[in-house]
Every structure is written in C-alpha cells, then in structure tokens.
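Below is one structure, written out as structure tokens; comments come after it.
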Amino acid sequence: MEIMSKSTRLMVAAIQCGSTFFRFAFSLKNAWGQPFTQVWTGRSVSLITHKAPTCLLLKRDFTESLIGYEAEDKYSELEDGDNDYHFFKHFTKILRQSDIKRHTLCCDVRGRSLKAILVLEHFIRCVKKIVHQRIMGIPDDDIDYVFTVPTTGEENAKLIVREAAVNAGIKREYLAIVLESEAASIYCQYLKFAEKDTSSPVLGVVKPGTKYMLVHLESGTADITVHQKCEDNTLEEVLPASGGPWGGKAVDDQFIKFLSELVEEKVWENFKSEHMEDYLDITWCFETKKRTIKPDKSGSTRMPIPHALLKLCTKSHSVESFNEVIEKNDAHKNNVSFMSGKLVWKNDFFRGFFKKTIDAIVKHMDDIFQESEARDVKIIVMVGCFSGCPLVQDAVRKNFCNYSIIVPEVGDLAVLKGAVYSGHIPDAVSLRSARYTYGFQTWPEFNEDIHPEEKRVQCGKLSRCRDVFSKIVTKGDKIMAGFTKSQFFRVCCNRDNIVLECGLFISEKKNPMFVDDPDCKSLGTLQVPFSPNKQNIETLVEEKLFFGMTELKFTAEDIFSGLKFEISFDLPKE
C-alpha cells in the first residue's frame, strides 16, 4: 500500500537536538520514505558518524558561531584565557526544566551565562545554514522544518524552541514540533511503507489494537511510554512518557567520576581546562568502549591516557610514575592498573559504570507494566543510541523474558527519521493523552457555597469570584488532532477598562479550583482591546483552544466588535 506525502512543500528537513549530540535529515516529497542523513567526520578521519556534539562556540559580539566538531576543534585551539568566546555544551538539557522561561540562562564551560533562547537561536541558525549547504538549490520557502523536543519536557520547551527557530529565520508556518517518543513510534510504524525491502521487525506488521511499550534511550535521558496501533494504522498514546536521567551520559558521568577520584579532582579540572582536545579524546574513546562492551565477556578493557594527564598527575602527586598515583589511591588501587600507556580494568568492574543507570531503566519499565493500561502489553520497542548498548539490551531481555523485544534497524536514528516521516504524515498520531489539565481564567458569579470570601470582587451590581480555573481538558483525556473547545462569557466593562486579558493555564491536578493555586501556571495570555465605539456595558467574549498536529492555539474574540486575536503562546514572564 502506497502512502503519499501530505506536505505542501518540496522537502521536509528534521533536526534532533539531544543534550549530548544533534542530527539532521531530510527527504523529498516524492520520495518521503528515503531520508538522507547528514554524515559527519569526527575527531579523526576514521570516525564517521550520523551525529555531532551538541555544542556551540559563540563569539561574545555574536559575529561568529560554530557548532559540532568545528566548534570543539576551534575551542581546543584557543589560547588559555581567551575571553572572546562562549563555549556551550549540553545546553539543550534545559528543555527538560519544568520552569524554563524566556529569560532562563545557560552557562558556558567557564560559568559565564547567556539567555538560553539566544543560545538556541544561534545554534539553530548554524544548523539551518548547514542544511542549506547540504541541499543546494532548494529555496527556503520549499522546506518544511520539524524539530524534536524531549517527550518529558514541559509545554514551555516547545514554545522556546519555536521562538528560537523563528528568530533564527524559520517561518512559523513552515515549522512543526514533534515529541521524540512520537517520532520514534512513527518511524517504527511506517518503516515497512518507507523501506519496502526491510527485514527488520517493525510495528507496521502488528495488528490494529496492539499496545507496545516504547523505550527511548538517548544520550541524556530515558523516556518510556505506551502506544497503541489504531484501526486506521495511526497511533494512540495510551500512557504519556515518563523517565529520568538514565541515558548514556549517566554512564559517562560514572566514568568521569572514577577518573576524577583516581587523579584527584583539582588535577582533573586543570586537565579539562588546559587540555580540552585531550579531554575530548578521552570522552570519545569511552564512547567507543561503551558501545562494544559485552555482557558476559571476561578479560579486561583498555583505554589510552593522554601524556598531558600523566604529566599533570605525577607533578601534582610528586611521584615518578602514574602507577604510583594509582597505588596512593586507596579507593581504586585494586580496581585499575596502568600498562603501556593505558588504563586497564577488569571487565566486571568496567561494567559497573553501567549498573546504576541500567537498574533505573529496568525498574521504571517494571513500574509502568504495573499500570492497569499497560498490563496487556506484550511488545517492547527499543530505540535511541543508548538502546544499542549490548549491556542495556541484555538487561531488558533478562528482566522481561516473556515479552517480544523489537530493536528496529538503525534504532539510533529512529527519532530523526520518524521526525522526517511526521513532516510528510502529520496525522500519523491520532490520539494523544493530555499531559495537563487545561483551563481558562474566569470570573463567574460568586457562589457563597463554594467560593472563598477573599476571592469575591464587585463588578457593577454583581458579585463575582476572581481567578477561577474553568476546565477545558482534564489531564489524561484522549485528545484528537483538530480537537477544539470554546467558552463564551460576559465581561463587565467601563470606560477605564479598555483591554481584557484572557489567560490560559495548565495544572498537574485533574480538578484545580483557581489559576493561582501552587500547582497551576500560566501558559499564555491574550490581550483583547475593546472597540470604544462598540463597547457595551457587558461585552461577550469567546475563548477557544485548538489542539493541532504539533501545537496548541489559543484564540479570543470580542463578539460585539469582531476583534479576534490568536497566540502561539508567550512564555511566562516571571
């Protein structure tokens, strides 16, 4: 069965910005199922990869910006003490912060700060430039852009990415935001239509009505959700994503912690600041070892140590050799040795760097399987770069041996390619589970039986209750793309009241009472000016909430004047 692209433009380009690496891919409308993925040459010509480090080198006067390997290489060549540049790493992890706002700051590697939205803007501008270098000849008005955002991120993550992308030169109407877990699920669902010769077990072959757990393991985090295949081959979100900081970086952190303890923290920090290129070589070497360590293989793991680190250690510890540094360390002298310029670990100890992270993933999966909506799930789909780790796969297979485990082809590219697919098939996800309760701020007639006295306000001859949360959607409700709900209310006006503020709020609770409750927060505000020549004693306003394919729209209309306003949300100012 052939599926046609629904994109109205010539090409779809997708950008996945993880906390550790970023990627991009694109496909043409008439061949949507064969995305072209950017290939990078890493720190050595032998390293060919589909991902590049999520880092930005930005000149402080904004006249120069570099990303990925180019940024790392130039930063490593800068003279120590060169203050003309910011170097940001892992900055997209801010998109998981629940309180991210327009003025939220990012810190560079030296602790200097800059507004996060500005860092994202310059990063996206660089990515966009690389995309155009790769696809020479296609004008920007013929490209739909899709950005992925963390599944467990807040609504504000979508807003800040959208605003940064628009500031970077991408037109709002050409831009879509997709959740990472949805993109991965779309990839698995449509792979058999896109790649007709694939032999990979994919979700396109399972029966409608089938539920499956999607385990998305990237460098920074683990996001786990439950989806269901619908009768029309679209996807329904059964359980919203949840997870934690259990991606590949958590393993990296355990390894770095070990090295810091071995050589002493002050030595390690000096090494990082004075020998950035050597530091990056160590991290890349560990990345290779992380992908190849086997679950049951005996023997040892070896890793070269840069001469600069050896020299710093022996000088700081006042010894002749690095072996003496190890011998002085009571915590680790029995865990590692040094031979021929390489650190040597027993494989059992080296696998210990992974244990805490993998145990957390397995426990969270088990917790989800205890949910009533997931008890009939028998399929586990593993995607993301960390899902390819042999130790992770082994732990999942052993702990969930009665489940069917699917690891699709190039699972590390599932989110990226799925994002491309979603640009061509925007209605691939038909039902989503509302992550919050959504409601409008209203001032209904005061009811002494339910409203507290301190909320009473007088509006003409009528007593009203201020700041009531008028619920539109309840957390957990199934929302279909295109779902719209509105309410009408009358606003008391006078000559001094020429602007009405219409507020949209979200809450973690299912039945919040007031918009200023601690668990509520503002998602956006519309200011509707009243027309002086048509203003009545009571003005009728319609507030409307529209759930689109990838974004939420909020409109407010003054019925008497005909004035109508729409917003793709401002971030909270506080």
Look at the side chain of D517 and the backbone N and O of F514, then say whether any donor-acceptor pair between them is shorter than 3.5 Å. yes

Judged by atom type as modelled, is there a donor-acceptor pair below 3.5 Å linking the side chain of T210 to the main-chain atoms of K229? no

Can we say K211 and E236 salt-bridge, meaning some charged N sits less than 4.0 Å from an Asp/Glu carboxylate O? no

Check whether any side-chain N or O of E371 sits under 3.5 Å from a backbone N or O of D367 as a donor-acceptor pair, and report yes or no. no

Mark yes or no for whether H451, through its side chain, and N447, through its backbone, hold a donor-acceptor pair below 3.5 Å. yes

Please check if any side-chain donor atom of Q16 sits under 3.5 Å from a side-chain acceptor atom of T148, or the reverse. no

Sub-3.5 Å donor-acceptor pair from the side chain of T357 to the main-chain atoms of W246, do we have one? no

Could you check whether H227 and S185, counting side-chain N and O atoms only, form a donor-acceptor pair closer than 3.5 Å? yes

Write down the atom of S113, the atom of L105, and the distance for their closest heavy-atom approach. OG-CD1, 3.8 Å

Q441 side chain to D467 backbone, donor-acceptor under 3.5 Å: no

Kindly give the heavy-atom pair with the smallest separation between H216 and G384, and that separation in Å. CD2-CA, 4.1 Å

Ring-plane angle category for W32 and H424, please: parallel below 30°, perpendicular beyond 60°, tilted otherwise. tilted

Do D519 and Y436 have side-chain atoms, one donor and one acceptor, less than 3.5 Å apart? no

How about Y403 and F369: are their ring centres within less than 6.0 Å of each other? yes

Answer yes or no: is there a donor N or O on one side and an acceptor on the other, between the side chain of S65 and the main chain of L58, under 3.5 Å? no

State, to 0.1 Å, how close A222 and L217 come at their nearest heavy-atom pair, and which atoms those are. CB-CD2, 3.4 Å

Got a sec, which residues hit salt bridge (Lys or Arg N to Asp or Glu O under 4.0 Å) with E121, two or more places apart in sequence or on another chain? R125

Quick one: do K356 and D253 make a salt bridge, cutoff under 4.0 Å? no

Please report the closest heavy-atom contact between R112 and F88, naming both atoms and the distance. O-CE2, 4.4 Å

Between S7 and D144, does any side-chain donor sit less than 3.5 Å from a side-chain acceptor? yes

Are any of the side-chain nitrogens in K171 or D140 under 4.0 Å away from the carboxylate oxygens of its partner? no

If only atom types and distance count, is the side chain of T437 paired as donor or acceptor with the main-chain N or O of T474 below 3.5 Å? no

Expected output: side-chain K478 to main-chain V238 donor-acceptor under 3.5 Å: yes

Test item: S507 side-chain N/O and K509 main-chain N/O as donor-acceptor pair under 3.5 Å: yes

